[in-house]
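Only one structure is covered here, and it is reproduced in the block below.
Every heavy atom of this structure was used, including side-chain atoms; hydrogens, water molecules and symmetry mates were not. All values derive from a computational prediction rather than experimental measurement.
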Amino acid sequence: MTDSLLYALCAFVLIQLFYYLFIFTRLAFYGKSTNYGSDSPGVTVLVCALNEKENLMELLPLLDAQEYPEFEVILLDDRSDDGSEDFMRENIHGWKHIRYIRINDEFSHVTPKKYALTVGMKQAKYPIALMTDADCRPNSVHWITAMTSQISEEKNIVIGFSPYEKESGLLNWFIRCETFYTAVQYLSFSLAGLTYMGVGRNIMYKRQVFFENKGFYRHRHIMGGDDDIFLNEVSTSTNTAIAIEPESFVYSKPKITWSAWLRQKRRHLAVSQFYRKRNKMMLGFLSSSHVAVWFLSFLTLGFALFNHDILLLQELGAVVGIRWIVQWILFFIINRKLDRTVEWFSFLLMDFAFFIYYVFFGFFVMTRRKPRNTWN
C-alpha cells in the first residue's frame, strides 16, 4: 500500500516537474527583448467604462500624458449614470489625445462590453489597438512604447502583465498570488507557442486580426471572454509576443470583499469552458496534478506516522523536496521579473492555498451555473 502511494506521488510530481522544467523555465530565463526607437505605429487605446467616474478622473490624465509619437485614447462609456458623461463633456477639451464615445443602447444578441469594444475598433484611427480597464493605472509614461515594442510583422498580438495593487489582508495576498501564478502560466505557455489567454487590462493586437476573425462574433453572447476566448481563437504558435518590462505593467485595483472576488472568479471559470480542447487539457493536467501531489503527500505522511515508518518519511521528504526546490527557484526568478508580486517567503503557503483553491472551484465546475450578466 505504501509503495503504491509513493509511486503515485512520484508520477504526479514528475508531471509537475515537466511543467516547471519545460514550460515555466521559458519565462524564468526569458530575455528582455525590446525594439525601442524602431517603427512606432499609431496606437488606439480602448477603455470601456460603466459607472467609473472616480477611476476615470485618475486614469485619463495618465493616459493623455503617455509619451508616444502617435496615439489616441477612446473612452467607451457604456450607459453610465454616475455623472461620467457630464465629467467627460466638461473636461474633454483639456486633453490632447482623449476621444469620448457614449453608448446608449444595449442589444440582446451581444454582451455590452463586447459591443462597446467593437464600436471602439470600428471608430479607431490607428492600426494597433491597446486595451485596458478604467480601474487600471499604467506603471509608466512609456506604457504604450513598451507594449508596441513587441509588435512586428510576424507578431500581431502582445500579452502584457497587470498586477494588482498591494494592500494588507488575506484576500489581497491571495489575489496577488493568483494573479502571479496565472501570469506564470499564460506567459510561459505563450512563449512555448501555446497561447491560451491574456488579460483585458493589458493586451494589444492589430485591428486587422480583430476584423479578419469577425471580432467577438462566435462568442458575442457570452459574458466575458473578450480577452481569453478571443485569444484562444486567433492566437497561433508564432503570432503572439509577451511584454514583461516594468514600463509595460498596468496596475489594477483588487476586489476588497470575498463575495466580489468569488463572483469574478466564477465568471472567469465559466468562460474557460469555451477554451480549445488542448488548452483545457494542459491546464487540467497542471491543476489536477497539483491537487494530487498535496493529497497523496498528506496520505503518505499519515501512513508513515501511523506505522512509525522513518524510511517512508525520508522518501516522502525527498520526493516533495525536489518539487519544492525546483518550484521555489523558478518562482523566485519569475517573481523578480514580475515586480515581486508575491513575497518570496510565502511561496510554500501559496502552493498549499492553490491546493485548497483547486478543490473548492472543482466543485463549482461540476455544478456550474450561467454566469451573471454584469461587468464586474
Side-chain angles (χ1 to χ4, degrees), residues 43-52 55-56 59 63 73-78 103 110-121 124 128-139 143-144 147 150 156-165 175 178-179 182-183 185-187 190 195-207 209-210 213 215-235 240-244 248-255 260-261 263-272 274-275 279 371-376:
V43 174
T44 294
V45 179
L46 298 177
V47 181
C48 295
L50 171 62
N51 293 330
E52 296 279 7
N55 280 320
L56 294 175
L59 174 64
L63 295 181
V73 178
I74 300 180
L75 174 64
L76 300 154
D77 178 8
D78 180 32
I103 297 174
V110 61
T111 60
K113 186 175 183 181
K114 289 176 183 175
Y115 175 72
L117 283 173
T118 301
V119 170
M121 288 288 181
I128 308 296
L130 174 58
M131 274 65 66
T132 192
D133 289 340
D135 62 348
C136 295
R137 307 290 182 267
N139 196 40
W143 169 54
I144 298 177
M147 291 293 289
Q150 303 302 323
N156 300 321
I157 303 166
V158 179
I159 301 172
F161 177 54
S162 182
Y164 283 102
E165 295 175 356
I175 287 175
E178 197 267 339
T179 301
T182 300
Q185 294 175 56
Y186 70 74
L187 293 172
S190 185
T195 301
Y196 69 92
M197 68 163 283
V199 290
R201 304 188 302 275
N202 194 10
I203 189 171
M204 167 183 279
Y205 45 81
K206 297 177 181 178
R207 289 171 58 230
V209 173
F210 182 83
N213 291 274
F216 307 124
Y217 179 78
R218 284 181 288 273
H219 52 91
R220 62 192 182 280
H221 59 289
I222 301 168
M223 184 58 61
D226 52 276
D227 43 15
D228 48 0
I229 297 180
F230 181 73
L231 253 64
N232 248 257
E233 293 179 345
V234 304
S235 63
T240 305
I242 70 169
I244 57 171
S248 71
F249 295 166
V250 171
Y251 275 83
S252 184
K253 295 182 180 294
K255 301 298 183 185
W261 176 78
R263 286 196 301 270
Q264 182 185 59
K265 297 314 298 179
R266 285 171 64 90
R267 188 179 72 249
H268 290 171
L269 287 171
V271 166
S272 67
F274 300 100
Y275 286 5
N279 299 139
R372 293 178 57 182
N373 189 35
T374 60
W375 274 57
N376 300 310

If we ignore hydrogens and angles and just use 3.5 Å, is the side chain of T132 paired with the main-chain N or O of R201 as donor and acceptor? yes
Minimum side-chain heavy-atom gap L59-P138 below 4.5 Å: yes
Please round to the nearest 0.5 Å and tell me the distance separating atom CG of L75 and atom CD of E52. 10.0 Å
Straight-line distance of N51 CG to D78 CG, nearest 0.5 Å: 9.0 Å
Quick one: does S190's side chain have a donor or acceptor within less than 3.5 Å of a partner on Y186's backbone? no
Over all atoms of both residues, closest heavy-atom pair of K255 and I175: O-CD1, 3.6 Å
How would you list, by chain and number, every residue that makes a ring-ring contact (aromatic ring centres under 6.0 Å, His included) with Y115, sequence neighbours excluded? F107
For the pair I144 and V45, evaluate side chain to side chain contact (heavy atoms under 4.5 Å, CB included) and give the outcome as yes or no after the intermediate values. CA-CA 9 Å; I144 298 177; V45 179; 3.9 Å; yes
Tell me, do T240 and V158 make a side-chain contact under 4.5 Å, heavy atoms counted? no
Nearest 0.5 Å, please: how far is OG1 in T195 from CD1 in I242? 9.5 Å
Atom CG in L187, atom CE in M197: separation rounded to 0.5 Å? 9.0 Å
Between S162 and V199 the two heavy atoms that sit nearest each other are CB-CG2, 4.1 Å
Heavy-atom side-chain contact between V250 and R137 under 4.5 Å: no
Rounded to the nearest 0.5 angstrom, the CG-CD1 distance for L117 and I74 is 10.5 Å
Not counting sequence neighbours, which residues clear ring-ring contact (aromatic ring centres under 6.0 Å, His included) with F230? List them please. Y205, F210, F216
Determine yes or no for a side-chain-to-main-chain donor-acceptor pair under 3.5 angstrom, with N232 supplying the side chain and Y196 the backbone. yes
Supply the atom-to-atom distance I203 CD1 to I159 CD1, rounded to the nearest 0.5 angstrom. 6.0 Å
Side chain to side chain contact (heavy atoms under 4.5 Å, CB included) evaluation trace for K265 with E178: CA-CA 10 Å; K265 297 314 298 179; E178 197 267 339; 2.8 Å; yes
For T44 and M121: C-alpha separation, side-chain torsions, deciding distance, then whether side chain to side chain contact (heavy atoms under 4.5 Å, CB included) applies. CA-CA 9 Å; T44 294; M121 288 288 181; over 6 Å; no
Show the nearest heavy-atom pair for residues W143 and M131, with the distance to one decimal. CZ2-O, 4.4 Å
Any non-hydrogen side-chain atom of M147 less than 4.5 Å from a side-chain atom of I128? no
Would you find a donor on one side and an acceptor on the other, under 3.5 Å apart, between the side chain of D135 and the backbone of S252? no
Nearest heavy-atom contact between N202 and S248 is ND2-O, 2.8 Å
Do T179 and F161 pass the side chain to side chain contact (heavy atoms under 4.5 Å, CB included) test, and can you show the C-alpha distance, the side-chain angles, and the key distance before you say yes or no? CA-CA 9 Å; T179 301; F161 177 54; 4.2 Å; yes
